[in-house]
**Student:** 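Below you will find the structure I want to go over with you.
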Amino acid sequence: MKLSWKNLLLWSLPIIIIGFFIWQGFFAPITNKNNDNNTANSRMTYGRFLEYLDMGWVKKVDIYDNGHTAVIEAIGPELGNRIQKIRVELPNSAPELINKLKKNNVDINAHPTKNTVAFWNLIGNLIFPLLLITGLIFLFRRSNSTSGGPGQAMSFGKSKALFQMEAKTGIIFDDVAGIDEAKEEFEEIVTFLKKPEYFTSVGAKIPKGVLLVGPPGTGKTLLAKAIAGEASVPFFSISGSEFVEMFVGVGASRVRDLFKKAKENAPCIIFIDEIDAVGRQRGTGIGGGNDEREQTLNQLLTEMDGFEGNTGVIVVAATNRADILDSALLRPGRFDRQVSVDIPDFKGRLSILNVHAKNKKINEEVSLNIIARRTPGFSGADLANLLNEAAILTARKRKNSITLNEIDEAIDRIIAGMEGTPLIDSKSKKLIAYHEIGHAIVGTLLKDHENVQKVTLIPRGQAKGLTWFSPSEDQNLISRSQIKARIMGALGGRAAEEIVFGDAEVTTGASNDLQQVTSMARQMVTRFGMSEIGPLSLENEDSNPFLGRGMQNANEYSDEIAIKIDRQIYDIVQECHIKTLEIIKNNRVIIDKLVDMLIEKETIDGQEFREIISKYTNLPQKS
Ligand code: ADP
Ligand code: MG
Ligand code: ZN
């Protein structure tokens, strides 16, 4: 039984409120009765009462409140000679009063009202705490008694809202494009869900679990839904982070509920998104273990073991990193199949664009080919977003079909952020222009650098100016001279500032460039074996996601090597810097011309840029 104070508070709040109203509203008349215990509406002082008594005007006395109050019936000329009820507050010690009353033959009546009033007072005061306590006991009992074991905290784990069930996802394989291998893998599963007898008759066991691995936005969720849609079976989904909640043990009970519901609805698909949130390698112990996560994971493993392969429940899980998953999850009989879903290549992007262009009005002159070419590295979600942004821009401009302008604008927006307003002409605008032209000219004149796509002074996102390079398709295999060219290109901005404005005038604008430069140089040395240290891998990328970068490798190499690494990084950057300064110095005339042009036009297209440069110097033949 686990009951956090937060819940306690949450649940007792209504009781407190109800209690308070009952207390105030319901008992108030009763508890107030002690003041209202007579119908007397006029009052008199004790002294006056004694005078009345002496005059013989008092006929009857009713004593209340343990002798603190009296209501008298009196008659007299001052009272219009009619019997009237008058209320008198009696002093604490008036022992002679009773005698006096007797002497005057007054009818005395003592009412023991104080007791009943006290009783009601007591009830009134107790009822509210009592209600509260009963309520809490009730809650504690409930959480204790149900089915025992962890995870029944107020039956939160049972709430239907925690996983979604879609009877029909409405998504078919045709909606998923560009990941054909993954699709093929799943076609078999669809067949199993539709016609299990094909498999069972020959004694085949269908995998219980399939793990989809791939970067965000590549269509993992979409694919899982498509399986359910194609097989027309229900789709249960929950995300790993929803499993692990603040209530200890609830994660495990959710897993149980999910599987129970799924089995009732078999055949069906259970989809667990972000499974790395629960399925991380257990017992790494860094930063304290997470018992809750382990419990949830254990429950998941138990459930997966607990059903026969042929019940028609197939678990599909998604993650963007399979390397950190607990090996127990990947054992046969669990997620024994892994399907990787990657960032699409050119062909993939084209077919994804085709899927998403279907319901959009795109001008005939726009070729999806060009868009696919311009978007290496975009995921399926990025591409869907790109077309949607372009459609929004088109609508905003009141055009009736999407043209290349809107597409370009949308691509730039997705990569670099919202467009800002251009700077007014000033020294800093001039400096930014030199900085950008510096990047662009170095990039253009180096054989191994990507081509300039455009240079612009229109700010976007954080950047005050931008130089765009045409991304190359193959980002995976990059040669040493290509990395060096990139380092020089990135240094081009700062180098131009140095040459044109002098050392004293260089700005902070290059900080981002320098970060990239350093990181590229470091990776050349420690990861790619591209330095004099030799082909050694000294650092892995992000091998331990629980630690910050760089922290995990603190002692993987000796101090001696560490000094060498720093030396090599320094040498690489130094060499590139000198070469870059050289390029800027040698092309000062063209740079000045280009800067004037850029300040006037704000944007220079890559083609035009190259044409201008080619008038002054030879352009390298790019590979
Ligand atoms: P993931 O789960 O891998 O992070 P999603 O499946 O949630 O990605 O993808 C988000 C959206 O991106 C989808 O709804 C779809 O519109 C689009 N999308 C992503 N990948 C593809 C694809 N391969 N084919 C078509 N659309 C895709
Ligand atoms: Mg997803
Ligand atoms: Zn820069």
Side-chain angles (χ1 to χ4, degrees), residues 169-183 186 211-227 229 235 237-241 271-277 316-321 339-345 347-360 372 378-388 414 416 431-443 455-457 459-460 462-469 486-498 506-517 580:
T169 61
I171 289 171
I172 53 169
F173 277 149
D174 281 347
D175 296 325
V176 189
I179 39 178
D180 296 334
E181 296 85 1
K183 258 162 76 173
F186 280 124
L211 183 64
L212 281 167
V213 185
T218 44
K220 299 182 294 296
T221 309
L222 192 69
L223 193 55
K225 284 190 175 177
I227 306 166
F235 180 77
S237 65
I238 188 164
S239 92
S241 52
F271 179 62
I272 304 173
D273 213 347
E274 309 165 35
I275 196 172
D276 42 305
V316 180
T319 177
N320 39 24
R321 17 195 341 175
V339 176
S340 71
V341 184
D342 277 323
I343 293 284
D345 57 3
K347 235 180 88 218
R349 289 197 300 277
L350 188 59
S351 49
I352 294 173
L353 284 169
N354 268 312
V355 167
H356 289 279
K358 260 182 213 147
N359 55 1
K360 304 216 165 48
F378 273 46
S379 68
D382 290 334
L383 292 169
N385 184 22
L386 161 64
L387 288 184
N388 191 48
I414 288 171
L431 187 131
I432 294 165
Y434 270 103
H435 180 106
E436 294 309 326
I437 295 290
H439 283 307
I441 197 146
V442 174
V455 194
T456 177
L457 286 185
R460 215 174 250 289
Q462 302 290 317
K464 297 263 186 298
L466 280 166
T467 306
W468 298 80
F469 293 99
R486 282 189 195 175
I487 292 179
M488 289 198 263
L491 285 169
R494 166 54 69 86
E497 288 182 42
E498 281 174 82
V506 295
T507 65
T508 52
S511 71
N512 201 18
D513 298 334
L514 299 185
Q515 232 169 41
Q516 282 179 27
V517 166
T580 311

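Bear in mind the structure is a predicted one, so any value in this text is a computation, not a measurement. In listed order, ligands and their atoms are each counted from 1.
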**Student:** Heavy-atom contact under 4.0 Å between A318 and ligand 1?
**Tutor:**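 Outside the 4.0 Å threshold, so no.
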**Student:** Among I343, N385, L383, T221, which one has a heavy atom closest to atom 7 (O) of ligand 1?
**Tutor:**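 Nearest heavy atom to atom 7 (O) of ligand 1 lies in T221.
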**Student:** List the closest protein heavy-atom neighbour of atom 18 (N) of ligand 1: residue, atom name, distance to the nearest 0.1 Å.
**Tutor:**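 Of every protein heavy atom, G380 C, 3.6 Å lies nearest to atom 18 (N) of ligand 1.
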**Student:** If I take atom NZ from residue K225 and atom CZ from residue F271, how far apart are they, to the nearest 0.5 angstrom?
**Tutor:**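 Answer rounded to 0.5 Å: 8.5 Å.
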**Student:** Whether the E274 and T319 side chains hold a donor-acceptor pair (N or O, under 3.5 Å, no angle test) is what I'd like checked.
**Tutor:**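 No, no side-chain donor-acceptor contact under 3.5 Å.
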**Student:** Would you say G214 touches ligand 1, if touching means a heavy atom closer than 4.0 Å?
**Tutor:**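 Under 4.0 Å: no for G214.
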**Student:** Starting from atom 4 (O) of ligand 1, what is the nearest protein heavy atom, named by residue and atom, and what distance separates them?
**Tutor:**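 Protein heavy atom with the smallest distance to atom 4 (O) of ligand 1: G217 N, 2.7 Å.
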**Student:** So, for F173 and K183, which heavy atoms are closest and what is the spacing to 0.1 Å?
**Tutor:**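 Where F173 meets K183 most closely, the heavy atoms are O-NZ, 3.3 Å.
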**Student:** Just which atoms of ligand 1 are under 4.0 Å from any heavy atom in A177?
**Tutor:**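 It comes down to these atoms of ligand 1: 22 (C), 23 (N), 24 (N), 25 (C).
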**Student:** Please name the residue in the list E436, H435, H439 that meets the side-chain hydrogen bond (donor to acceptor under 3.5 Å, both in side chains) test with T467.
**Tutor:**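 Option passing the side-chain hydrogen bond (donor to acceptor under 3.5 Å, both in side chains) with T467: E436.
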**Student:** Which ligand 1 atoms are under 4.0 Å away from a heavy-atom of P216?
**Tutor:**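 Under 4.0 Å from P216, ligand 1 has these atoms: 4 (O).
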**Student:** For R494 and V506, work out which heavy atoms get closest and say how close.
**Tutor:**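 Smallest interatomic distance, heavy atoms only, reads NE-CB, 3.7 Å.
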**Student:** Could you establish whether K225 and ligand 1 come within less than 4.0 Å of each other, counting only heavy atoms on the residue side?
**Tutor:**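 No, that is not the case, since the closest heavy atom of the residue is not under 4.0 Å from the ligand.
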**Student:** To the closest 0.5 Å, what do you measure between CG (D273) and CG (L212)?
**Tutor:**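 Taking CG in D273 and CG in L212, the distance rounds to 9.5 Å.
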**Student:** Give a yes-or-no answer on whether the side chains of N388 and H356 include a donor-acceptor pair shorter than 3.5 Å.
**Tutor:**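 Side chains of N388 and H356: no pair found under 3.5 Å.
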**Student:** Heavy-atom contacts with H356 under 4.0 Å: which atoms of ligand 1 show up? List them by number with element.
**Tutor:**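 In order of number, 15 (C), 16 (O), 17 (C), 25 (C), 26 (N), 27 (C).
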**Student:** Can you tell me which residue and heavy atom of the protein come closest to atom 12 (O) of ligand 1, and the distance to 0.1 Å?
**Tutor:**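 Going atom by atom, the protein heavy atom closest to atom 12 (O) of ligand 1 ends up being A381 CA, 3.1 Å.
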**Student:** Among all protein heavy atoms, pick out the one at the shortest distance from atom 27 (C) of ligand 1; state its residue, atom name and that distance to 0.1 Å.
**Tutor:**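 Checked against all protein heavy atoms, atom 27 (C) of ligand 1 sits closest to L222 CD2, 3.6 Å.
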**Student:** Taking atom CG of L383 and atom CD1 of I352, what is their separation to the nearest 0.5 Å?
**Tutor:**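 Spacing of CG (L383) from CD1 (I352) equals 5.5 Å.
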**Student:** Side chains of D382 and S379: donor-acceptor distance under 3.5 Å anywhere?
**Tutor:**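 Checked: D382/S379 side chains pair up, N/O donor to acceptor below 3.5 Å.
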**Student:** What N/O/S atom of D513 gets nearest to the Zn ion (ligand 3)?
**Tutor:**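 Looking only at N, O and S atoms of D513, the one nearest the Zn ion (ligand 3) is named OD2.
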**Student:** Side chains of T507 and L431: closer than 4.5 Å at any heavy-atom pair?
**Tutor:**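 Contact flag for T507/L431 side chains = yes.
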**Student:** Tell me which protein heavy atom sits closest to atom 8 (O) of ligand 1, plus the residue, atom name and distance to 0.1 Å.
**Tutor:**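 I find the closest protein heavy atom is G219 N, 3.3 Å.
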**Student:** Does D175 have a non-hydrogen atom less than 4.0 Å from ligand 1?
**Tutor:**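 For ligand 1, residue contact (heavy atoms, under 4.0 Å) with D175 is present.
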**Student:** Check contact between I352 and ligand 1, using heavy atoms of the residue and a distance below 4.0 angstrom.
**Tutor:**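 Within the 4.0 Å threshold, so yes.
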